[in-house]
> 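Sharing a structure below in structure tokens format, with a few things to ask.
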Amino acid sequence: MSNKHIEECVRENLQGYFRDLGGEAPDGMYDMLVRLVEKPLLEVVMTHAENNQSRAAEWLGLNRNTLRKKLVEHKLL
């Protein structure tokens, strides 16, 4: 799967989100989208890293403490 494919999936879903709003103004979209994408990202990466936080943090380009904080925030620890 290429990055373009992921971008297109996000783009299509955002277009659907605006259609579903039916002309209403969105609120807090950035935080909503980050929350919705971050949790599955962390779940998948942790699975592939066999729950090795140091490896997962390296793959994500995060500090291990930052990763741990995000895992706690998403109730993945």
Side-chain angles (χ1 to χ4, degrees):
M1 178 183 301
S2 71
N3 289 344
K4 282 230 180 263
H5 182 72
I6 294 170
E7 282 182 37
E8 191 55 35
C9 287
V10 171
R11 190 173 289 107
E12 287 176 14
N13 279 280
L14 285 171
Q15 292 295 347
Y17 174 74
F18 276 98
R19 275 193 305 275
D20 292 346
L21 285 175
E24 292 292 320
D27 183 45
M29 279 186 65
Y30 182 82
D31 287 337
M32 175 195 71
L33 187 60
V34 168
R35 274 193 323 273
L36 292 172
V37 171
E38 192 171 56
K39 185 175 182 177
L41 170 65
L42 295 173
E43 290 170 337
V44 170
V45 169
M46 288 301 293
T47 297
H48 284 276
E50 299 175 340
N51 290 316
N52 182 312
Q53 292 178 25
S54 295
R55 185 180 309 141
E58 183 180 330
W59 291 354
L60 290 164
L62 296 174
N63 176 286
R64 187 181 169 282
N65 291 332
T66 301
L67 172 61
R68 185 168 179 75
K69 178 181 157 210
K70 289 178 177 297
L71 292 170
V72 168
E73 285 173 9
H74 289 286
K75 298 180 173 83
L76 297 174
L77 278 185

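Given the structure is predicted, the values throughout are model-derived calculations rather than measurements. As a basis for the values below, the full set of heavy atoms in this structure was taken, side chains included, without hydrogen atoms, waters or symmetry mates.
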> Can you measure from CG (Leu60) to OG1 (Thr66) and round to the nearest 0.5 angstrom?
11.0 Å
> Should Val10 and Leu36 be counted in the same cluster of Ile, Leu, Val, Met, Phe, Trp and Tyr side chains packed under 4.5 Å apart?
yes
> Applying side-chain hydrogen bond (donor to acceptor under 3.5 Å, both in side chains), can you list everything that pairs with Arg11, at least two apart in sequence or on another chain?
Glu8
> Starting at CG of Asn63, measure out to OG of Ser54 and round the result to the nearest 0.5 Å.
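Here the interatomic distance stands at 10.0 Å.
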> What is the distance from atom CG of Asn65 to atom CD of Gln53, rounded to the nearest 0.5 Å?
9.5 Å
> Under the 3.5 angstrom rule, does the side chain of Arg55 hit a backbone N or O of Ala49 as a donor-acceptor pair?
yes
> Not counting sequence neighbours, list each pair that qualifies as a salt bridge (Lys or Arg N to Asp or Glu O under 4.0 Å) and has a residue in residues 20-44.
Glu38-Lys70
> Give the cluster check for Leu76 versus Leu62: same hydrophobic cluster or not, with ILVMFWY residues linked at side-chain heavy-atom distances below 4.5 Å.
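Same cluster.
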> Contact between Leu42 and Glu73 at the side-chain level, heavy atoms closer than 4.5 Å - yes or no?
no
> Is there a continuous path of hydrophobic side-chain contacts, each under 4.5 Å between heavy atoms, that joins Val44 to Val37?
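No.
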> Given Met46, which partner from the list Leu41, Asn52, Leu77, Leu67 fulfils the side chain to side chain contact (heavy atoms under 4.5 Å, CB included) test?
Leu67
> Hydrophobic cluster membership, with links at side-chain heavy-atom distances under 4.5 Å among I/L/V/M/F/W/Y: are Tyr17 and Tyr30 in one?
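The answer is no; the residues belong to distinct hydrophobic clusters.
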